[in-house]
2 protein chains.
Amino acid sequence: MPGGYKFYRKKCFNPKKEFQGTTKELARFAKALAHPARIKILRFLSHSDFCYTGDFVEVLPMAQSTVSQHLKELKDAGLIIAREQPPRVSYCINHEAWQRAKMLFKDFFDALKTEEEQSQ
Amino acid sequence: MPGGYKFYRKKCFNPKKEFQGTTKELARFAKALAHPARIKILRFLSHSDFCYTGDFVEVLPMAQSTVSQHLKELKDAGLIIAREQPPRVSYCINHEAWQRAKMLFKDFFDALKTEEEQSQ
DNA sequence: AAAATTCATCGCAAAAATACGATAAAACTT
DNA sequence: AAGTTTTATCGTATTTTTGCGATGAATTTT
């Protein structure tokens, strides 16, 4: 018999909902950073007080509607804040979320045992 | 006239390919971390020298084939290394890539102007 | 009042990610 | 030799992401 897998059998549609806490939170932030356009947007914002939508459109190699969508995702993830300044909209970093994300990533990467620790 | 957009008109199919350098690199690492299962896998590995595929399967709320797929993505992103230990396969952190990612995220988050700097 | 600017949203298409079960390869056990 | 264990991969379905153009709302400019 070619064999199979025994206790591996699990039906678990939508496993993502099973995760909690910082695991979920970190993955959420990571997803927000998972596109180069969004990295660029955040980099831009982190170097200035604020930017208008148009500023990003000028600089990114994509249509205005697409840029708007990326801005929305960053907003939904909590990393940026929009402010109506008719007829324009300005964006800035959400410092609170930024610090939170910064800490989560730091703790995550710092958890790695050093090679010296491992060999002991 | 209801108006439209003038110089915004750009046709740029596949804008992702337009990005370069650390922007691309950081986005790539972020994408690898953009799923809670992969965060958990990496956390597990960062706390031990190595794990077998089966160890992850026992602990994650998803089918064995799905776990295998997530491991593949982490491997493709360079964050983990697989080693054949028949009949099993062990995985461990790729320390080099780990340090690289750690630095990229740190620099990224550290770039934010402090509120004091901003108000000046 | 008419035109222009700025931007989000809708509708849609294409691509990528997520997930499963089934299967097969490789090695180990009996 | 036959069966078991371990794991990656294939095929497929579903969902999510990415991207565009068109449109419309709000405001400013002419």
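The sequence lines fix the lettering, A, B, ..., with proteins before strands; numbering per chain opens at 1. For the numbers below, each heavy atom of this structure counts, side chains included, while hydrogens, waters and symmetry mates do not.
- For the pair A:E73 CD and C:dA16 C1', the interatomic distance rounds to 14 Å; values are reported in whole Å.
- By the neighbour-count criterion of 12 heavy atoms within 6.0 Å, atom NZ of B:K102 is densely surrounded, having more than that number from other residues, nucleotides or ligands.
- For the pair A:R38 CZ and D:dG19 C1', the interatomic distance rounds to 12 Å; values are reported in whole Å.
- Judged by distance alone, the side chain of A:R38 and the main-chain N or O of A:E73 form no donor-acceptor pair under 3.5 Å.
- To the nearest angstrom, P of D:dT18 lies 12 Å from CD1 of A:I39.
- Between the side chain of A:Q64 and the base of C:dA8, at least one donor-acceptor pair of N or O atoms lies under 3.5 Å.
- Atom pair A:K72:NZ and D:dT16:C1' shows a separation of 14 Å (rounding to whole Å applied).
- OP1 or OP2 of D:dG19 has at least one side-chain nitrogen or oxygen of A:H35 nearer than 4.0 Å.
- In this structure, B:I93 and B:L79 have side chains that are not in contact, with every pair of non-hydrogen atoms separated by 4.5 Å or more.
- Between the A:S46 side chain and the A:R43 main chain, a donor and an acceptor come within less than 3.5 Å of each other.
- Between the side chain of B:N94 and the backbone N or O of B:G78 there is at least one donor-acceptor pair closer than 3.5 Å.
- Summarising the geometry, the separation between CG on B:D76 and P on D:dA8 is reported as 12 Å, rounded to the nearest angstrom.
- The side chain of B:S65 places no N or O atom within less than 4.0 Å of a non-bridging phosphate oxygen (OP1 or OP2) of D:dC10.
- Distance B:F56 CZ to D:dA8 C1': 15 Å, rounded to the nearest Å.
- In the set D:dG19, C:dC7, C:dC20, C:dC20 carries the atom at the smallest distance from any side-chain atom of B:M62.
- Atom pair A:L60:CG and C:dC7:P shows a separation of 13 Å (rounding to whole Å applied).
- When the nucleotides D:dT7, D:dG19, C:dA8 are ranked by their closest atom to the side chain of A:T66, D:dG19 comes out on top.
- In this model, the phosphate group of C:dA17 is not approached by any side-chain N or O of B:H70 to a distance below 4.0 Å at OP1 or OP2.
- You'll find the ring centres of B:F105 and A:F109 inside the 6.0 Å limit.
- When the P atom of D:dG19 is taken as reference, atom CD of B:E18 falls 10 Å away, rounded to whole Å.
- Sorted by residue number, the members of residues 80-92 of chain A with any non-hydrogen atom under 4.0 Å from DNA chain D read A:P86, A:P87.
- Contact annotation for B:K31: backbone-only contact, meaning every heavy-atom pair under 4.0 Å involves sugar-phosphate atoms and none involves a base.
- Side-chain nitrogen and oxygen atoms of B:T53 include at least one within less than 4.0 Å of the OP1 or OP2 phosphate oxygen of D:dA8.
- With C:dT18, D:dC20, D:dA8 as the choices, the nucleotide that has an atom nearest any side-chain atom of A:K16 turns out to be C:dT18.
- In terms of modelled atom types and a separation under 3.5 Å, the side chain of B:D55 and the main chain of B:Y52 share a donor-acceptor contact.
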